[in-house]
Amino acid sequence: MNKLSYRLLPSIFFLCGVVVGSPFAEATSQNGLGFELGVGYSQLSISDSLQNAKYTGVSAQGNLLFPLLASGAFSMDLDLSYRYNAAENNASNETLSEWAHFNSFGSGVRLNYSFLFVGFDYLFAKGKHLRAGSSNQIFEYDFNPIQWHAGLALPLSPVTSIVIGYSQMLSTEFSVQNSSFSVNEQVYWLRLQIDFGVSFFNLLNPGESFKTTRDSFFVR
């Protein structure tokens, strides 16, 4: 665990206390079709047999959450996401600078218990590196990493929450110009979650699937 992780621990414990005392603490964080939008601090590592390059930058991500299962405080969502990363090589200087950019689409599942969640995603990612200085080069490549993520959703209202999360990409190999590299990444996230209140499939109780949507067709 790095120094930043240790600095975050007191804040996480404080936020857990806030959740326990929250007036919405008896509800799950995601009750219907939802959307998340957020930014993150990214730490990226790309290595080969001779060197290990470190990058830091900013990530932006949007998620669509489709509830699939709900039972008490436990629920499971289908998670669809798009992410954009922009990072700079920590060794960049006036002579030679390098930037990394990633676009990725992902799909996976998220398991929720009250306001805590953990999930796994499979990503379809496209990377681009730009090198400027004594030599100017552009490299592009595709790779398909798996990432896990976890976090805490703090309710602001019955339909909105602030999400504090962490994600880590498992080490994944890719090739550029017949050379093999390995990439991994970790991101600290801050997102806003909106619950649209539209029910979706409920695998445990199919009769409840789309219940909110069905009820909206009836005049009360």
Within the structure provided, determine whether [X] and [Y] are in side-chain contact (heavy-atom separation under 4.5 Å).
| X | Y | answer |
| --- | --- | --- |
| K128 | I138 | yes |
| L190 | I164 | yes |
| L65 | L78 | no |
| M76 | N112 | no |
| I46 | K54 | no |
| Y141 | S175 | no |

Assess the side chains of [X] and [Y]: does a donor N or O sit below 3.5 Å from an acceptor N or O?
| X | Y | answer |
| --- | --- | --- |
| D121 | H149 | yes |
| Q193 | D195 | no |
| S182 | S171 | yes |
| Q147 | Y122 | no |
| N103 | Y82 | yes |

**Report entry** Contact list for residues 81-92, test salt bridge (charged side-chain N to carboxylate O under 4.0 Å, His left out), sequence neighbours left out
**Finding:**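 Applying salt bridge (charged side-chain N to carboxylate O under 4.0 Å, His left out) to every pair that reaches into residues 81-92, excluding sequence neighbours, yields R83-E185.
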Query raised in the report: Can you list every salt bridge (charged side-chain N to carboxylate O under 4.0 Å, His left out) pair that touches residues 38-47, not counting sequence neighbours?
Result: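 Residue pairs passing salt bridge (charged side-chain N to carboxylate O under 4.0 Å, His left out), neighbours aside: none found.
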Can you tell me how far the [atom1] atom of [X] sits from the [atom2] atom of [Y], to the nearest 0.5 Å?
| X | Y | atom1 | atom2 | answer |
| --- | --- | --- | --- | --- |
| L33 | I194 | CG | CD1 | 11.5 Å |
| L111 | S75 | CG | OG | 8.5 Å |
| N63 | F35 | CG | CZ | 8.0 Å |
| L130 | E98 | CG | CD | 8.5 Å |
| S114 | F74 | OG | CZ | 12.5 Å |
| T56 | Q43 | OG1 | CD | 7.5 Å |

Query raised in the report: Run the ring pair (Phe, Tyr, Trp, His ring centres under 6.0 Å) check on H101 and Y55 step by step: do they pass?
Result: CA-CA 11 Å; H101 299 270; Y55 302 75; over 10 Å; no
**Report entry** Worked verdict on L44 versus V183 for side-chain contact (heavy atoms from CB on, under 4.5 Å)
**Finding:** CA-CA 7 Å; L44 181 71; V183 58; 3.5 Å; yes
Query raised in the report: Per the ring pair (Phe, Tyr, Trp, His ring centres under 6.0 Å) rule, which among Y84, F143, F174 passes with F102?
Result: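 So, applying the ring pair (Phe, Tyr, Trp, His ring centres under 6.0 Å) to F102 and each of Y84, F143, F174, only F143 qualifies.
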Determine the minimum heavy-atom distance between [X] and [Y], stating which atoms define it.
| X | Y | value |
| --- | --- | --- |
| M169 | N184 | O-CB, 3.6 Å |
| G38 | W189 | O-CZ3, 4.2 Å |
| A125 | N144 | N-ND2, 4.4 Å |

I'd like to know if the side chain of [X] and the backbone of [Y] have a donor-acceptor N/O pair within less than 3.5 Å.
| X | Y | result |
| --- | --- | --- |
| N89 | A91 | yes |
| D77 | D79 | no |
| T172 | L170 | yes |
| S157 | V159 | yes |
| S42 | V187 | no |
| S97 | N93 | yes |

Report task. I would like to know whether V39 and S59 meet side-chain contact (heavy atoms from CB on, under 4.5 Å); could you show each step before the answer? Result -> CA-CA 6 Å; V39 296; S59 298; over 6 Å; no
Requested in this report: Evaluate side chain to side chain donor-acceptor pair (under 3.5 Å) for S179 paired with D48, printing each intermediate quantity in order.
Outcome: CA-CA 8 Å; S179 297; D48 60 13; over 6 Å; no
**Report entry** Residue pair V118, Y113: steps toward the side-chain contact (heavy atoms from CB on, under 4.5 Å) verdict
**Finding:** CA-CA 9 Å; V118 62; Y113 184 78; over 6 Å; no
Query - Within 6.0 angstrom of K126 NZ, more than 12 heavy atoms from elsewhere - result: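 Buried by this count: over 12 neighbours within 6.0 Å.
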Report task. List the steps, then state whether side-chain contact (heavy atoms from CB on, under 4.5 Å) holds for Q61 with L37. Result -> CA-CA 6 Å; Q61 181 169 312; L37 184 64; over 6 Å; no
Query raised in the report: Do you reckon V58 sits in the same ILVMFWY cluster as Y188, going by side-chain contacts under 4.5 Å, direct or chained?
Result: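 They do not share one cluster, since no chain of ILVMFWY contacts under 4.5 Å joins V58 to Y188.
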Report task. List for me each residue that meets ring pair (Phe, Tyr, Trp, His ring centres under 6.0 Å) alongside W148, sequence neighbours excluded, and say none if there are none. Result ->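 For W148 the ring pair (Phe, Tyr, Trp, His ring centres under 6.0 Å) partners, ignoring immediate neighbours, are Y166.
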